[in-house]
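First comes the structure, then the notes that go with it.
All values below come from the heavy atoms of this structure, side chains included, with hydrogens, waters and symmetry mates left out.
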Amino acid sequence: MGGMDWWAASVYQTGGLSMLLAWIFWVIGSIVLHELGHGWAALRCGDGTPREAGHMTWNPLVHMGFHSLLFFAILGIAWGAMPVNPDRFNGRYDRAKVAAAGPAMNLGLALFCAIGFCVWFPIATKMWFPSLNVPEHVARNVLVFFDLGLMLNLVLMLFNLLPVPPLDGSRILGNFSWRYERFWQGEHAQWIALAALFGLFFFGGKILFPVAQDLSDEITGAIMRGLFQVFPPQGAPVTP
């Protein structure tokens, strides 16, 4: 591919088939749940559009569409959509609530993965149960699964909170600032948003992934310290 590694090949070379499958699972699954988060919030705010449009489903094709899945297969880039009608919302700040529900879902998934990682790590390394023999490949694959889920969901959360249309951050901020919302309704705003979005897609990862890694380390560190205070290690750690 012109000297540039295909993203799937790079992931496979880094962590093997288990990492590639975990990557695919978490990207598609996290986007689907992100969109369902919007849908559930919209329904609670009085808008039945997500259900009426047939989007309250687990089917990735409905949320992501053929083009998104194709881009993901080729470039590793994907997106989703949830139809909502703000005119049917009940409250003044329901637009912000519905927009925030997607990133909140990613945060919830990240915390789930962080807890899973922190519980599994002392088990896999015999720190809690020294007599329990976990096969090395099982120990590693589960750690990779939770670690990737944590990292990717933090990236998705941070990315979607950026205040650039059509990302959720722009809807949240626009619900609180009419000046900001009016700016994106200007004559050249569409082209500015498109250029910013392309830049974020292709270059934002250089910033978002390191930030997500730092957050991941802080979260897992805090959870691990809390767990070890309640359940102290019984044996010396063994590298999985």
Side-chain angles (χ1 to χ4, degrees), residues 24-69 72 77-117 146 148-185 189 193 197 200-201 208 211-212 215-216 219 222-223:
I24 294 171
F25 172 87
W26 279 118
V27 169
I28 295 177
S30 298
I31 290 176
V32 168
L33 281 168
H34 175 104
E35 299 305 334
L36 285 173
H38 289 312
W40 287 321
L43 292 173
R44 288 184 63 86
C45 290
D47 178 21
T49 302
R51 183 178 289 120
E52 295 163 4
H55 273 246
M56 297 308 294
T57 174
W58 296 94
N59 186 350
L61 274 172
V62 173
H63 297 289
M64 301 174 68
F66 173 77
H67 291 98
S68 176
L69 290 170
F72 177 56
I77 297 172
W79 61 88
M82 173 62 69
V84 299
N85 184 358
D87 292 336
R88 301 171 73 177
F89 292 162
N90 295 322
R92 166 70 177 84
Y93 299 108
D94 282 353
R95 281 196 301 146
K97 293 176 184 177
V98 173
M105 176 65 74
N106 292 126
L107 177 59
L109 289 170
L111 292 175
F112 167 79
C113 290
I115 293 171
F117 181 93
F146 284 127
L148 269 178
L150 171 58
M151 172 65 68
L152 291 175
N153 273 286
L154 287 175
V155 170
L156 286 171
M157 179 192 73
L158 293 170
F159 179 77
N160 279 284
L161 285 175
L162 294 173
V164 177
L167 301 179
D168 298 321
S170 68
R171 296 189 177 97
I172 296 171
L173 186 55
N175 199 182
F176 291 96
S177 171
W178 66 268
R179 287 187 177 88
Y180 178 84
E181 188 169 24
R182 188 174 181 179
F183 170 80
W184 291 111
Q185 295 172 353
L197 198 60
L200 289 172
F201 261 122
L208 292 179
V211 172
L215 281 175
S216 173
I219 292 170
I223 294 174

Reported CG-to-CG distance for the pair L156 and L161, which is rounded to 0.5 angstrom = 10.5 Å
Residue pairs, two or more places apart or on separate chains, that pass salt bridge (Lys or Arg N to Asp or Glu O under 4.0 Å) and touch residues 26-40 = none
Could I get the full list of side chain to side chain contact (heavy atoms under 4.5 Å, CB included) partners for F176, not counting sequence neighbours?
-> Y93, A96, I172
In short, S216 meets L154 closest at the heavy-atom pair N-CD1, 3.7 Å
Heavy atoms, side chains only, cut-off 4.5 Å: are P83 and H55 in contact?
-> yes
Kindly check if the number of other-residue, nucleotide or ligand heavy atoms within 6.0 Å of OH (Y180) is above 12?
-> yes
Closest non-hydrogen atom pair between A42 and P50, with its separation = CB-CG, 3.9 Å
Least distance between heavy atoms, P163 atom then L173 atom = CB-CD2, 4.1 Å
Between the side chain of N175 and the main-chain N/O of R92, is any donor-acceptor distance below 3.5 Å?
-> yes
More than 12 foreign heavy atoms under 6.0 Å from CZ of R179: is that the case here?
-> no
When every non-hydrogen atom of L150 is compared with those of C113, the smallest separation belongs to N-CB, 3.5 Å
For the side chain of H63 and the backbone of I28, is there at least one donor-acceptor N/O pair under 3.5 Å apart?
-> no
Straight-line distance of F159 CZ to L167 CG, nearest 0.5 Å | 5.0 Å
Would you say W79 and F72 make side-chain contact, with heavy atoms under 4.5 Å?
-> no
About how many Å separate CG of L148 and CZ of F117, when rounded to the nearest 0.5 Å?
-> 10.5 Å
Minimum heavy-atom separation for S170 to V164, with atom names?
-> CB-C, 3.7 Å
Among all residues two or more places apart in sequence or in another chain, which pass the side chain to side chain contact (heavy atoms under 4.5 Å, CB included) test with W58?
-> V32, L33, L36, W40
Is there side-chain contact between R51 and M56, with at least one heavy-atom pair below 4.5 Å?
-> yes
Within a reach of under 6.0 Å around CZ of R182, are more than 12 heavy atoms found that belong to other residues, nucleotides or ligands?
-> no
Taking the side chain as every heavy atom from C-beta outward, state whether L215 and L158 have any atom pair closer than 4.5 Å.
-> yes
Value rounded to 0.5 Å, distance of CG in L43 from CZ in R88 = 9.5 Å
Quick one: does D168's side chain get under 4.5 Å of H34's, heavy atoms only?
-> yes
For the residue pair L152 and S30, establish whether any side-chain heavy-atom pair is separated by less than 4.5 Å.
-> no
Distance in Å, T49 OG1 paired with N85 CG, rounded so as to fall on 0.5 Å steps = 4.5 Å
Quick one: does R171's side chain get under 4.5 Å of H38's, heavy atoms only?
-> no
Shortest non-hydrogen contact between G39 and M82, atoms and distance | N-CG, 3.8 Å
Determine whether D94 and P86 make a side-chain contact, defined as any pair of heavy atoms from C-beta on separated by less than 4.5 Å.
-> no
Counting distance only, does the side-chain N/O of N90 pair as donor-acceptor with the main-chain N or O of C45 below 3.5 Å?
-> yes
